[in-house]
Amino acid sequence: MKYKRYLITAALPYANGPVHIGHLAGCYLPADIYSRYQRAQKRDIKFICGSDEHGVPITIRAMKEGITPQDVVDKYNKVIKDSFADMGISFDIFSRTSNQVHHDTSQAFFLKLYNDGLFEERESEQYYDEEKDIFLADRYIVGTCPNCSNPNAYGDQCEKCGSTLSPEQLINPRSALSNAPLVKKLTKHWYFPLNKYEPWLKEWITEGKKDEWKPNVYGQCKSWLDSGLQPRAMTRDSLWGVPVPLPNANGKVLYVWFDAPIGYISATKELTANWSDYWCGEDTKLVHFIGKDNIVFHCIIFPAMLKAHGGFVLPDNVPANEFLNIEGEKVSTSRNWAVWIDEYLKDFPDQQDALRYVLCANAPESKDNDFTWKDFQDRVNNELAAVLGNFVNRAFVLMHKLCGGRMPQFHAVAANEADRNLALEMKAAKERVEAAIEGYKFREGLAEVIDLARKGNKYLQDNAPWSLAKTPELQAANQARIDNCIHLCLQLTANLAILINPFLPFTAKKMCYMMKVVDRMLEWENAGKSDLLKTNYPLRAPEILFRKIEDAEVAAQVEKLHNNLAMAISASLNITTTTTPETPAPAADPALAAVADQKATITYEDFAKIDLRVGTIVKAEKVAKADKLLKLELDMGTEIRTVVSGIALDFTPDEIIGKQVTVVANLAPRKMKGIESNGMILMAQNKDGRLIFASPLETADNGAEVK
RNA sequence: GGCGAGGUAGCUCAGUUGGUUAGAGCACAGGAUUCAUAACCCUGAGGUCGGGAGUUCAAAUCUCCUCCUCGCUACCA
């Protein structure tokens, strides 16, 4: 074997909310299957995870709920940890980045790079809150979104319209902490020179991993590498996080994406004193399981950090999955469009393996996939229960009916071709499942196991022991054939338990109980064998492995999703309308922007400042290298004005020429793509995002004032 | 706009050193059976492989163009 040890990590879930089925399908379930398989192979593995507890969103959530960041992470660390444990995700450790060992480890890592002179120190101007005496990260800055006028857009993103922002773009930027207006002040940060590692990364990835990594992962990396890497700040101004271990670095913490992957190392340290065997030995196979949103950090930044530090193994593979949609729509935590694990476990007690089955069988391994409750029902009822569950049940029931409740012996003299073939199928299935799991093709591996059960059903059907036992006389004459058939079906059941164990551990355990065997039988080397169960040994009565999912349950879950969505929308409306200036509005979904937008009362004088006028579009053309922009010329009665407007997604130049529009005529000029825009056209935006001209109903004079 | 991934049967997916009538599971239809969770087993129907052009004796597979979905990124306000 090439590797002595396996170090398997699953992305550190962010401790500001519970986990949903998308997390499970994308990362934790494949990681668990892989880990359980490796353990069954008796390989030396450590399966590492923990919650990521730093970063700005946690501090913001703490502010909103009026609690400390530590309260937030304590709460969700527990929720997340419990969900994983209940679903059978078998981490060797589920740690957390707020632990002391993690602070020590990440600080030591940073200091090593610092002492090697790797960091570039750079000063830049950042917004500063003089009231709270603190520099503000982009996320802490709120202001009016220049795009949708959401008064509570963040400095990095407007969560109403989804646009990416920089703090400089916000209108009237203010502090999310104190609501105070902001000043600019110099601040110092430490930049990791990613660009210096670009040649090495190119060689390591584009030459070394081309055929090894999944196409989506490799392609994404290559895209990043081809576009050129820039130095990246590895520190932030914040009070929540791992303090930068340097003098005169008060109020500075490690960037959450610097410290989070080091969390894998800290957690391993916490787990075992021999942690360096796993992290520093060349004979360790390091595999990062992540979702596609983490590719750049795990494939580019973290490896570069490890390389810069020296002495660490690099990931052998990063099998990132894509995203799982729900009922045709993207998961949205703010709209509560998600299937939460803790709620699933309440609604479907003792049905962990049903969910594990569906999420693996339909895992987004090569592209985004859709989870529907109908599909959940179909797969559980028609594949899991009908093929696997039913086969095991048939074998046990027949054994009790035709073989006295004991494992019958195998009569070699009565063996036929079908018997020999079935034994061969067991061996072949082992090889196929093994190859699939080693190659991170978990859905294929799972399908192979079900297929083996299907072959069992066919074998049973072809041999029909119940027909051989129609009358006592007939049964006596055919007992040797009956014994062989049941014997093999039960040996096949034992094989199925071994092969299904990494995927459906709860089921494997139930099967072991029924077969009265100890867990050791599940060791992988036993797969493919036809002598796992001892002849003449009494076995237990069968229990139903998978119950059917009823239509009513499917309907209830779909309804629950839509109810959650409706509640999220109305909650968003309530909170937004009652928001005081001291508390920023909660994250709102772009789809809600149209209904959730409420602004503070203004006086007539405020309104009178706006010069609204009617104009007619006399010329329109698309702006080059911009998706949304049209360059318009407007007849304002006394002048022709140029206005650049972001409406190209909804209108072609031809169809709007001659249209009369309402224009904000005294808006400060602004350059876009090199064209100076003198004003803004008023548009209404529907819930679906479509724009509609807010124009006079009848033709007005060009230049007419609107008031 | 740039880059990346994907677009194959109603659904979920296999299928590249280009090669006979393009595969599987589910769903659907018919049959057989009754040991079993109204399950299983057999048979069948169902696809111009997103669209177009090209290379070739031969293209799902290679080249170019184009459309759609998702992601990253830019631009936007």
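What you see below is based on every heavy atom in this structure, not just the backbone, and it leaves out hydrogens, waters and symmetry mates. It should be emphasised that the depicted structure is a prediction, and the values quoted were computed from it without experimental measurement. Residue numbers begin at 1 in each chain, while the letters A, B, ... track the order of the sequences.
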task = Searching all strands shown, indicate the nucleotide that pairs with B/C76 (Watson-Crick or G-U wobble; both distances under 3.5 Å).
result = none
task = State whether a side-chain donor-acceptor pair under 3.5 Å links A/Asn421 with A/Tyr459.
result = no
inquiry  = Under 4.0 Å from OP1 or OP2 of B/C42: is there any side-chain N or O of A/Arg454 that close?
reply    = no
remark   = As its Watson-Crick or G-U partner within any shown strand, both distances under 3.5 Å, B/C3 has B/G71
inquiry  = Over all strands shown, is A/Arg443 touching base, sugar-phosphate only, or nothing at heavy-atom distances under 4.0 angstrom?
reply    = sugar-phosphate
query = Taking the same atom, P, in B/U63 and in B/A27, what whole-Å distance lies between them?
reply = 39 Å
query = Which listed nucleotide (B/U34, B/C70, B/A36) is nearest to the side chain of A/Val397?
reply = B/A36
task = Give one of base, sugar-phosphate or nothing for A/Lys455, where a contact means two heavy atoms less than 4.0 Å apart.
result = nothing
key: Over-ring placement of A/Arg540 relative to A/Tyr513, 6.0 Å and 45° cut-offs   = yes
Under 3.5 Å donor-acceptor pair, A/Asn390 side-chain atoms to B/A36 base atoms = yes
message = What I want to check is whether an N or O donor and acceptor connect the side chain of A/Arg394 with the base of B/C35 at under 3.5 Å.
response = yes
task = Take atom C1' in B/C76 and the same atom in B/C65, then report the distance between them in whole Å.
result = 29 Å
request  = Side chain of A/Arg379 only, please: which of B/U12, B/A5, B/C35 is the nearest?
outcome  = B/U12
query = Counting side-chain heavy atoms from C-beta on, which of B/G71, B/U34, B/C35 comes nearest to A/Gln220?
reply = B/G71
task = For A/Phe391, report the nucleic acid contact type (base, sugar-phosphate, nothing); a contact means any heavy atom under 4.0 Å.
result = nothing
query = How many Å lie between CD on A/Glu365 and C1' on B/A14, as a whole number?
reply = 12 Å
request  = Figure out the CZ/C1' separation between A/Arg432 and B/A24, and round it to whole Å.
outcome  = 13 Å
task = Assign A/Glu383 to base, sugar-phosphate, or nothing according to its heavy-atom contacts below 4.0 angstrom with the strands shown.
result = sugar-phosphate
request  = Mind checking A/Leu545 for me? I need base, sugar-phosphate or nothing, with any heavy atom below 4.0 Å counting as a touch.
outcome  = base
remark   = Looking only at B/C70, B/C41, B/U37, the nucleotide nearest the A/Gln461 side chain is B/C41
task = Let me know the distance between CG of A/Leu229 and C1' of B/C72, rounded to the nearest Å.
result = 14 Å
note = Comparing nearest nucleotides in RNA chain B, the 5'-proximal residue of the pair A/Asp375, A/Ala386 is A/Asp375
query = Between A/Lys374 and B/C11, is there a side-chain N or O to OP1/OP2 distance below 4.0 Å?
reply = no
key: Given A/Thr372, A/Asp551, A/Asn382, the one that forms side-chain hydrogen bond (donor to acceptor under 3.5 Å, both in side chains) with A/Gln377   = A/Asp551
message = Under 4.0 Å, heavy atoms only, any strand: does A/Lys330 hit a base, just the sugar-phosphate, or nothing?
response = sugar-phosphate
Whole-angstrom distance between B/U8 and B/G23, as gauged at atom C1' = 10 Å
request  = Indicate whether OP1 or OP2 belonging to B/A36 is found under 4.0 Å from a side-chain N or O atom of A/Lys401.
outcome  = yes
task = For A/Ser366, report the nucleic acid contact type (base, sugar-phosphate, nothing); a contact means any heavy atom under 4.0 Å.
result = sugar-phosphate
Atom C1', compared across B/A59 and B/G51: separation rounded to whole Å = 16 Å
remark   = For A/Ala338 and A/Ile326, the nearest pair of non-hydrogen atoms, with its separation, is CA-CD1, 3.6 Å
note = Checking A/Val339, A/Val331, A/Val358 against A/Ile21 for side-chain contact (heavy atoms from CB on, under 4.5 Å), the one that qualifies is A/Val339
query = Whole-Å distance between B/A38 C1' and A/Ile549 CD1?
reply = 17 Å
task = Could you state the atom-to-atom distance from CD of A/Glu448 to P of B/G25 in whole Å?
result = 12 Å
key: Identity of whatever pairs with B/C35 - Watson-Crick or G-U, under 3.5 angstrom   = none
message = Return the pairing partner of B/U20 with a 3.5 Å limit on both distances, Watson-Crick or G-U wobble; otherwise return none.
response = none
ask   = Looking for any heavy atom pair under 4.0 Å, which part of the strands does A/Asn362 touch: base, sugar-phosphate only, or nothing?
value = sugar-phosphate
task = Measure the spacing between CD of A/Glu425 and CG of A/Leu492 and express it to the nearest 0.5 Å.
result = 10.0 Å
Nucleotide forming a Watson-Crick or wobble pair with B/U55, both distances under 3.5 Å = none
ask   = Rounding to the closest angstrom, what is the interatomic distance between B/U20 and B/U33 at atom C1'?
value = 37 Å
ask   = Using a cut-off of less than 4.0 Å, is there contact between a side-chain N or O of A/Lys367 and OP1 or OP2 of B/G4?
value = no
key: A/Asn382 vs B/A27: side-chain N/O to OP1/OP2 distance below 4.0 Å   = yes
task = Establish, yes or no, whether the cationic atom of A/Lys209 lies under 6.0 Å from the six-membered ring centre of A/Tyr218 and within 45° of the ring axis.
result = no
task = Give one of base, sugar-phosphate or nothing for A/Lys548, where a contact means two heavy atoms less than 4.0 Å apart.
result = base
ask   = If you measure from the C1' atom in B/A24 to the same atom in B/C49, how many Å do you get, rounded?
value = 16 Å
message = Pairing donors with acceptors under 3.5 angstrom, does anything connect the side chains of A/Tyr357 and A/Glu383?
response = yes
request  = Could you work out the separation of B/A22 and B/A9 based on their P atoms and round it to a whole Å?
outcome  = 14 Å
request  = Using Watson-Crick or G-U wobble geometry with both distances below 3.5 Å, tell me the partner of B/C26, or none.
outcome  = B/G10
note = Rounded to whole Å, CG of A/Asn381 lies from P of B/C11 at a distance of 21 Å
task = Please determine, for the side chain of A/Ile544, which listed nucleotide (B/G6, B/C42, B/U37) has the closest atom?
result = B/U37
ask   = Taking atom P in both B/A53 and B/U16, what distance in whole Å separates the two?
value = 26 Å
note = The residue, A/Gly389 or A/Asp368, whose nearest nucleotide of RNA chain B is more 5′ is A/Gly389
query = Which residue, A/Tyr197, A/Phe302, A/Trp257, forms the ring-ring contact (aromatic ring centres under 6.0 Å, His included) with A/Phe192?
reply = A/Tyr197
